Protein chains: 2
Amino acid sequence: MLLAKRKNSASVAHADKGIDGLLGKVHQADCVEFLSKLPEACVDLIFADPPYNLQLRHELIRPNLTKVDAVNDRWDQFDGFEAYDEFCRAWLSECRRVLKPTGTIWVIGTYHNIYRLGRLLQDLGFWILNDVVWIKTNPMPNFRGVRFTNAHETLLWAKKSEKAKGYTFNYAEMKAENGGKQMRSDWTFSLCTGGERLKNGDGRKLHPTQKPLEMVERIVRACSKPGDIVLDPFAGTGTTAVAAEKHGRRWLAVEQQPDYVAAANDRLRQLRRQTERPTVQ
Amino acid sequence: MLLAKRKNSASVAHADKGIDGLLGKVHQADCVEFLSKLPEACVDLIFADPPYNLQLRHELIRPNLTKVDAVNDRWDQFDGFEAYDEFCRAWLSECRRVLKPTGTIWVIGTYHNIYRLGRLLQDLGFWILNDVVWIKTNPMPNFRGVRFTNAHETLLWAKKSEKAKGYTFNYAEMKAENGGKQMRSDWTFSLCTGGERLKNGDGRKLHPTQKPLEMVERIVRACSKPGDIVLDPFAGTGTTAVAAEKHGRRWLAVEQQPDYVAAANDRLRQLRRQTERPTVQ
DNA sequence: GTTTTTCATGAATCCTCGG
DNA sequence: TCCGAGGATTCATGAAAAA
């Protein structure tokens, strides 16, 4: 099946050619199909921000009677937990295959999906190193007053297996960043807004869930070395690619939706322009 | 099997007698066996602090060459994830059975077990309302400098099913407690230490993971009403019972280990004495 | 130009009751 | 099970508009 797919695929069969030719680009492709063509054990760090399967059933109206612009994109629709689990098992398995034994993976989610992801990681043989909580300084309130304000998301950091050795953790750099004390598992960042948030032609958010660049940069700096290869299987608007490039890591990224791919490539072109010719004072 | 067990059991068969006679006591029993004898839909709130399945493989030595007193009790030993899952499926199923349709359950854990518990909750039909992170002001550092300081634990709050209605959430009280703003999903408490921490004869901690009373009190006040019935299937040293009693809730608790049961009952006797005859000024 | 006010908005599983 | 009415409900931030 997989072999047949490979032969029929229009894209280059790169399984045994290394991945040099794929680096530094956001590839428009299905994530699992793309990963299946990569050679084993070829990346050092993975950052994955998959669909959350939010299962939103109704509209939500604010107290001022405006409607909340919720995540209702096609890519977040799954036919129940089983379908979501199956999808995640597929991409996580491929991630594990392409991860070097010295590499680590990060996954982000909310209570809607993170418990499924965490258990899947463990079932697939990954070994969790930490869970980290992103504490949001400015979360959306709970308008109906029926729950606690959902003010955090969860990140999981895992190595390839219990026995895997030699993963990268830049302890000293993290300690320095935290004012001389060990970096803890609770990280505080604001939502991605303002100039950092990519907008489309109408001035509206281009992607519903763009992550704060600073947070992804911390992950890249903590868990990889300059020259390492960083992979993002759900690239979205390319935040991981930007973080990797800013810190001298090599990278490759996959994204299904063409409009996100275009936006990400624009963003990266702009970054490179700025780097070559820094802002005039 | 279960029926036979019931007949042979020394404890009273209380399945069809209500649970009034069981209230206000810490029962020494196997949790699943005890719960299986309770009638359906008889409790309003459950707080469960199950074994974490820490999977500690080696001793951990501090930089000053002292040994870390880790959780290595028999009750935290499981034969892999599968055995742990099976155990949790059993007690969570019983919890769901005895929970009223208007009731909710809280479960606490770390990355070692919380992803298994969260997914199990979802698979059993519970509906997660929030995950809450307990941010520790004074966590144990990571002595080897190979991971981030593990500075939080995770609590899950769920109702009996997606369709379940009428659960208790004392929104206004929580908002007041948080200085007039909605209570968020990140809670900061210090570890249970000092006078609150129960000690045995040697002056050593009696229980390895005694939870901060203030945190459990918040849960009791947020999610139950005076007179409601609170259940703790892993009572340990009776923190949930103390919290319930302090706030005028009825309660019942189960604990396997006789020494914990004795300590919890001592603690509750002391609380009642204080309540009857407040401290002389 | 400067300060103040208004307004928009963010990964959201966001109600209850009676007919 | 669905529908409609009643009623209770928001925080931080940045941009735009107004003073």
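Since the model is a prediction, treat every value here as computed from it, not as a measurement. Chain identifiers are assigned alphabetically (A, B, ...) following the order of the sequence lines, protein sequences preceding nucleic acid strands; residue numbering begins at 1 within each chain.
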Open item on the list: Checking side-chain contact (heavy atoms from CB on, under 4.5 Å) between A:Cys95 and each of A:Val32, A:Val43, A:Ile105, which is the one that passes?
Closed with: A:Ile105
Open item on the list: Can you list every stem that DNA chain D is part of, counting only runs of 3 or more consecutive Watson-Crick or G-U wobble pairs with both distances under 3.5 Å?
Closed with: C:2-10 with D:11-19, C:15-19 with D:2-6
TODO: State which of D:dT13, C:dA11, D:dC11 makes the closest approach to the side chain of B:Lys181.
DONE: D:dC11
Task: Sole residue of A:Thr188, A:Asp186, A:Thr110, A:Ile135 in side-chain contact (heavy atoms from CB on, under 4.5 Å) with A:His152 - done: A:Ile135
- [ ] From the options D:dC11, C:dG10, C:dA12, select the nucleotide whose nearest atom is closest to the side chain of B:Gln182.
- [x] D:dC11
Open item on the list: Consider side-chain contact (heavy atoms from CB on, under 4.5 Å). Of A:Val107, A:Asp131, A:Val133, A:Ile219, which one does A:Leu155 pass it with?
Closed with: A:Ile219
Task: Whole-angstrom distance between C:dG10 and C:dC14, as gauged at atom C1' - done: 15 Å
TODO: Respond yes when some side-chain nitrogen or oxygen of A:Lys136 is under 4.0 Å from OP1 or OP2 of D:dC11, and no when none is.
DONE: no
Open item on the list: How about CD on B:Glu214, more than 12 heavy atoms from neighbouring residues, nucleotides or ligands closer than 6.0 Å, or not?
Closed with: no
Task: Under-4.0 Å side-chain N/O to phosphate OP1/OP2 contact, B:Lys175 with D:dT10 - done: yes
Open item on the list: Counting distance alone, no hydrogens or angles: does the base of C:dG10 have a donor or acceptor under 3.5 Å from a partner atom on the side chain of A:Arg62?
Closed with: yes
TODO: Taking only the side-chain nitrogens and oxygens of B:Tyr167, find out if one of them lies under 4.0 Å from OP1 or OP2 of C:dC14.
DONE: no
Task: A:Val71 side chain, from C-beta outward: closest of C:dT13, C:dA11, D:dT10 - done: C:dA11
- [ ] Between D:dC11, C:dT13, C:dG10, spot the one nearest the side chain of A:Phe81, thanks.
- [x] C:dT13
- [ ] Could you tell me how the ring of A:Trp157 sits relative to the ring of A:Phe169: parallel (under 30°), tilted (30 to 60°) or perpendicular (over 60°)?
- [x] tilted
Task: Identified side-chain contact (heavy atoms from CB on, under 4.5 Å) counterpart of A:Phe126 within the set A:Leu99, A:Leu120, A:Leu156 - done: A:Leu99
Task: Under-4.0 Å side-chain N/O to phosphate OP1/OP2 contact, A:Asn53 with C:dT13 - done: no
Open item on the list: Donor-acceptor pair, distance only, cut-off 3.5 Å: does the side chain of A:Arg119 make one with the backbone of B:Arg119?
Closed with: no
- [ ] Kindly state whether the pair A:Tyr111 / C:dT13 counts as stacked, where counting means centroids closer than 5.5 Å and planes tilted less than 30° apart.
- [x] no
TODO: Report which part of the nucleic acid B:Ile128 touches: base, sugar-phosphate, or nothing (heavy-atom distance under 4.0 Å, all strands).
DONE: base
Task: Nearest to side-chain heavy atoms of A:Phe143, which nucleotide of C:dT13, C:dG10, C:dA12 - done: C:dG10
Task: Short side-chain N/O contact from A:Arg204 to OP1 or OP2 of D:dA15, under 4.0 Å - done: no
Task: Of the listed nucleotides D:dT10, D:dA12, C:dC14, the one nearest the side chain of A:Asn138 - done: D:dA12
Open item on the list: When you measure from the side-chain N and O atoms of B:Lys165 to the phosphate of C:dC15, is any distance below 4.0 Å, counting only OP1 and OP2?
Closed with: no
Open item on the list: Syn if the chi torsion is within 90° of 0, anti otherwise; quick check, which is D:dT13?
Closed with: anti
Open item on the list: Taking the minimum atom-to-atom distance to the side chain of A:Arg144, which one of C:dG10, C:dC15, C:dA12 wins?
Closed with: C:dC15
Open item on the list: Quick check on DNA chain D: between A:Ser190 and A:Asn142, whose nearest nucleotide comes earlier from the 5' end?
Closed with: A:Asn142
- [ ] For B:Arg184 and for A:Gly194, find the nucleotide of DNA chain D with the closest heavy atom, then tell me which residue's nucleotide is more 5'.
- [x] B:Arg184
TODO: Just call it for A:Asp49: base, sugar-phosphate, or nothing, with non-hydrogen atoms closer than 4.0 Å on any strand.
DONE: base
TODO: Identify whether any heavy atom of A:Arg57 sits under 4.0 Å from a base atom; if not, whether one sits that close to sugar-phosphate; answer base, sugar-phosphate or nothing.
DONE: nothing
Task: Under-3.5 Å donor-acceptor pair between A:Lys211 side chain and C:dA11 base - done: yes
Open item on the list: Can you identify which nucleotide, out of C:dT13, C:dC14, C:dT9, has its nearest atom closest to the A:Asn64 side chain?
Closed with: C:dT9
Task: Nearest to side-chain heavy atoms of A:Pro141, which nucleotide of C:dA11, C:dT13, D:dC11 - done: D:dC11
Open item on the list: Salt bridge check, A:Asp69 against A:Lys205: does any charged N sit closer than 4.0 Å to a carboxylate O?
Closed with: yes
- [ ] Check if the side chain of A:Arg147 and the base of C:dT13 share a donor-acceptor pair of N or O atoms closer than 3.5 Å.
- [x] yes
Task: Whole-Å C1' distance, C:dT13 and D:dG6 - done: 25 Å
- [ ] Choose from D:dT10, C:dG10, C:dT13 the nucleotide whose nearest atom is closest to any side-chain atom of A:Asn150.
- [x] C:dT13
Task: Interatomic distance, B:Asp131 CG vs C:dA12 C1' [rounded to whole Å] - done: 13 Å
Open item on the list: How long is the straight-line distance from CH2 of B:Trp134 back to CD1 of B:Ile108, given to the nearest 0.5 Å?
Closed with: 6.0 Å
Task: Pairwise P distance for C:dT16 and D:dT10, with rounding to whole Å - done: 16 Å
